[in-house]
2 protein chains.
Amino acid sequence: MIRIRSEPRRNLAHEIASQMRRDIISGGFKPGEALAEPALAGRFGVSRAPVREAMIELERAGLVQFETTGRTRVRILEEKDVVEIVEARIALESMGARLAAARWTDEDTRWIERSIAAQEKAASGVKFSELDIAMHEYIMKRGGNERLSTLWQFVRWQFEMALTHIHRLQGKMAPDLRRFSVEGHRKVLTALAAGRPDTAAKVMAQHIKDSIEWYSPK
Amino acid sequence: MIRIRSEPRRNLAHEIASQMRRDIISGGFKPGEALAEPALAGRFGVSRAPVREAMIELERAGLVQFETTGRTRVRILEEKDVVEIVEARIALESMGARLAAARWTDEDTRWIERSIAAQEKAASGVKFSELDIAMHEYIMKRGGNERLSTLWQFVRWQFEMALTHIHRLQGKMAPDLRRFSVEGHRKVLTALAAGRPDTAAKVMAQHIKDSIEWYSPK
DNA sequence: TAGCTGTGAATTGTCGACACTTTACCCCAT
DNA sequence: ATGGGGTAAAGTGTCGACAATTCACAGCTA
């Protein structure tokens, strides 16, 4: 297994940040919703100190925004934000794929093949998205650049948050998207397995660009 | 002028984080040095609460690292880290230049030309580096993607921190680097002014790759 | 009814305190 | 000298408190 960070500081703040992150991404907290520290402290059964620290983590991850008055709200994602998130993904993942291609092994190929197989059998759109993201994460980590992976995590969470709303807005995922997306994954794998950095970067960029257009058809 | 964020939350924590960031980048705190909260609180004349919050900001920016025991130390940058930082810069700035090329105006061209002129007249290597970074920052912001700019800021600070040590290690900056670097800037400007996204991305990547090799000659 | 205003309630920013953990150092045995 | 153990000092994680600020809302005015 691949570990990205040595060990995060294990304290209540980090615990709370992780839980809140999951809740925000899954839509448990709605965009624009105010996050008052006393309420959250009560919810988690702690004092305000760890809650405040958790909010800073979430703000840095872009899931939450501070107002000039000090209030904290769940970040609101608009059309423009989704474009930004995808552009950031392309920037980071192109480089990630480029680096990964130079270090790719047969074991990596097998991992991706298993993932693709699972994607094809995924029972739901949500499950498919999880497998999709997990595969992209694997490639990013495989690139071996911890900073790139860390930056990518931030974008990934914002992307997942956006995905939750797109799903809610558009109902079910377009059925063809999955087939189309898997096709893209196969192309990426081919480039990676061939050890072609330039090709891998280009194919990955195209794959991300393609798949997002299924969500927001212009 | 271009603003990236609406307004940061104005509190002591943010103030302290900014000051500490400057001090760490400039080498006032040495890599590996322990940052004890009581000492910092005394130094800034505040309690530990805002100091703790500032530390979280700095950790997210990668300038500081938490140990599993809770202690905070100034991050130590090794050879491998510099490579990672440069790769991250290439990923982000290629995309930044790509986006900027699509929105470039004559006014932007004039801004860069003024910057290049100043670079040629820069009295010291440090001053040159400042102008260099400022120019790269301008292009990033000009890309119009706030997330990309925010991520870039993190990498930028780490890069500046690394630069401080390289300067200290190698003494003065290689005199030819400046001429060489300015040459790269001119190529970037040409691609931007021509409104060629692909070219701008490629030239920017090459420029960053080139300029770093001057620092760490293999 | 619509808009303004004042007042009470809620929230933030910061502080000092305390228990628990980690570190540093001294002393002793070898 | 050197290494181990124990103890004091220092540091972290969390808490509750308080002043200052912001918000919500009822009541008043036009």
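Here is the naming used below: chain letters follow the sequence lines, and residue numbers restart at 1 for every chain. These numbers come from a predicted model, not from an experiment.
The separation between F66(A) atom CZ and dT21(D) atom P is 20 Å, rounded to whole Å. Distance CG (N11(A)) to P (dG13(D)): 6 Å, rounded to an integer number of Å. Between the C1' atom of dT14(C) and the CD atom of E15(B) lies a distance of 14 Å, rounded to the nearest Å. Between the C1' atom of dG13(C) and the CD atom of E59(A) lies a distance of 16 Å, rounded to the nearest Å. Note: CZ (R73(B)) to C1' (dT23(C)) measures 11 Å, nearest angstrom. Summarising the geometry, the separation between CD on E67(A) and C1' on dT21(D) is reported as 14 Å, rounded to the nearest angstrom. At whole-Å resolution of the value, CD in E53(B) and C1' in dC15(C) are 12 Å apart. At whole-Å resolution of the value, CD in E57(B) and P in dG13(C) are 12 Å apart.
A donor-acceptor contact shorter than 3.5 Å links the side chain of Q158(A) to the backbone of A61(A). With hydrogens and angles disregarded, no donor-acceptor distance shorter than 3.5 Å links the side chain of S94(A) to the backbone of A91(A).
Note on R52(B): a side-chain N or O is less than 4.0 Å away from OP1 or OP2 of dG13(D). For dC23(D), the OP1/OP2 oxygens have a side-chain nitrogen or oxygen of T69(A) closer than 4.0 Å.
Counting only N and O atoms by type, the side chains of Q119(A) and S115(A) include a donor and acceptor under 3.5 Å apart.
Between H136(A) and H207(A), the ring-plane angle classifies as parallel under the 30° and 60° cut-offs. Classified by interplanar angle (parallel below 30°, tilted 30° to 60°, perpendicular above 60°), the ring pair H185(B)/F128(B) is parallel.
Residue whose closest nucleotide on DNA chain D sits further toward the 5' end, between A49(A) and A36(B): A36(B).
You'll find that the side chain of E37(B) is closest to dT12(D), out of dT14(D), dA17(D), dT12(D). In this structure, of dT11(C), dC18(D), dT14(D), it is dT11(C) that holds the atom nearest to the side chain of P38(A). The R48(B) side chain lies nearest to dC18(C) when the options are dC15(C), dC18(C), dT14(C). Nearest nucleotide to the R71(B) side chain, out of dT14(D), dT22(C), dC15(D): dT22(C).
Across all strands shown, L40(B) has no heavy atoms under 4.0 Å from either base or sugar-phosphate atoms.
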